[in-house]
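Order of appearance sets the numbers: ligands from 1, and atoms from 1 within every ligand. What you see is a predicted model; the values in this text were computed from it and never measured.
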Amino acid sequence: MTDKIKELILRLDKDRSLSLPEYEELIRDRDSEAAELLAELALKRKKEIFGDAIYTRGLIEISSICKNDCIYCGIRCSNDKAERYRLSEEEILDCSDEGYELGFRTFVLQGGEDPYYTDEILCSIVQNIKAKHPDCAVTLSVGERTRDSYQALYDAGADRYLLRHETADPVHYAKLHPASMSYDNRMRCLRDLKEIGYQVGCGFMVGSPYQTQKELARDLKFIEEFGPAMCGIGPFIPHRNTPFRDEQSGTMELTLYLLSVLRLINPKLLLPATTALGTVDPRGREKGVLAGANVVMPNLSPRSVRKKYELYDNKICTGEESAQCRGCLELRMESVGAYLAVDRGDAPGYTI
Ligand code: SF4
């Protein structure tokens, strides 16, 4: 590790901020020694706030139908080989009941941008989950909607919203999405969500096509300035039925490095050890926790549909029952000195 990189890491830990060229340098000139120092500081900061607790979110994949055509995504509308399904309200409520029994206190309803889920239908689902499980948080992850729609869902009881920004560089954004989607609208959504009062999660893929250190530096600066409650990052993994089928996957090494950097940018950040990280390496999620992650999102979707929600190739945890997923993660977290908390797991500073 050069003296300059060491100085940048120590300054980031102190000031929670670097300039764009400094973030770029921190990524470009990294080595294993720099990664070790970052992880050591990241773990220390995480433990000061969260101890050894790992927050869990029960992920319910409500629909594999999507009107959008994001170029990297396995369920993009132009993939005519994708198997489509949509869960009914009853099925979603059953998943949340099962999840509650298993100890989940947050449910994440995630799906493609499926026009079936009007405000009326989604609000009813949110209200019913909250009525049955008032001590639980509901997170939505159903893409870009109008401000009025976000407001209606918030008023119905939704607490959090996940919407990955994907990249904080407009030119890069345009290379990953069709012309019908815009960077400006994505940013508008994120601002609206935050202003309405949601705990907002954003995030990006590590190693996505056309991404360089420059784009990643912009992502880090964006997280620093926007101040989300959560930031989900995982390695890009190509899907065989997309135009990016021949692209390389992102690496675990860089993902872990960036997890540590994000922890130093904001020690209170909710940082998931993602399923994509567990897909590129069998111990990816454990390594993510050791690099500073503090959230896992086991799958609560009915087993019959799991394989159909295939955003990228070889996604793990598609064959297990929900209880198996939670049990498996419990053991994995214990192996790195952590434990799964039975808790809503709000971002520090947010009140119920
Ligand atoms: S990334 Fe999301 S919005 Fe884009 S095609 Fe996939 S499911 Fe649809």
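For the pair Arg164 and Phe204, the cation does not sit on the ring face, since its NZ or CZ is not both under 6.0 Å from the ring centre and inside 45° of the axis.
Closest to atom 2 (Fe) of ligand 1, if we only count protein heavy atoms, is Cys66 SG, 4.6 Å. The single protein non-hydrogen atom nearest to atom 4 (Fe) of ligand 1 is Cys70 SG, 2.3 Å, given as residue, atom name and distance.
For the residue pair Arg263 / Asn294, a side-chain donor-acceptor distance below 3.5 Å is found, with atom types taken as modelled. With no hydrogens or angles considered, a side-chain donor-acceptor pair links Glu224 and Ser17 at under 3.5 Å.
Compare Gly74, Ala82, Cys73 by their heavy atoms: the one nearest to atom 1 (S) of ligand 1 is in Cys73.
Note on Leu38: it clusters hydrophobically with Leu216, by side-chain heavy-atom contacts below 4.5 Å among ILVMFWY residues.
In Leu311, neither the side chain nor the backbone holds a heavy atom less than 4.0 Å from any atom of ligand 1.
Which parts of ligand 1 touch Ile75 is read off a 4.0 Å heavy-atom cut-off, strictly below it: atoms 7 (S). Atoms of ligand 1 found under 4.0 Å from any heavy atom of Gly112, numbered from 1 in the order shown, are 7 (S). Atoms of ligand 1 lying under 4.0 Å from at least one heavy atom of Arg76, given by number and element, are 5 (S).
Around NZ of Lys44, the count of heavy atoms belonging to other residues, nucleotides or ligands within 6.0 Å does not exceed 12.
Salt bridge annotation for Asp148-Arg145: absent, with no cationic side-chain nitrogen under 4.0 angstrom from a carboxylate oxygen.
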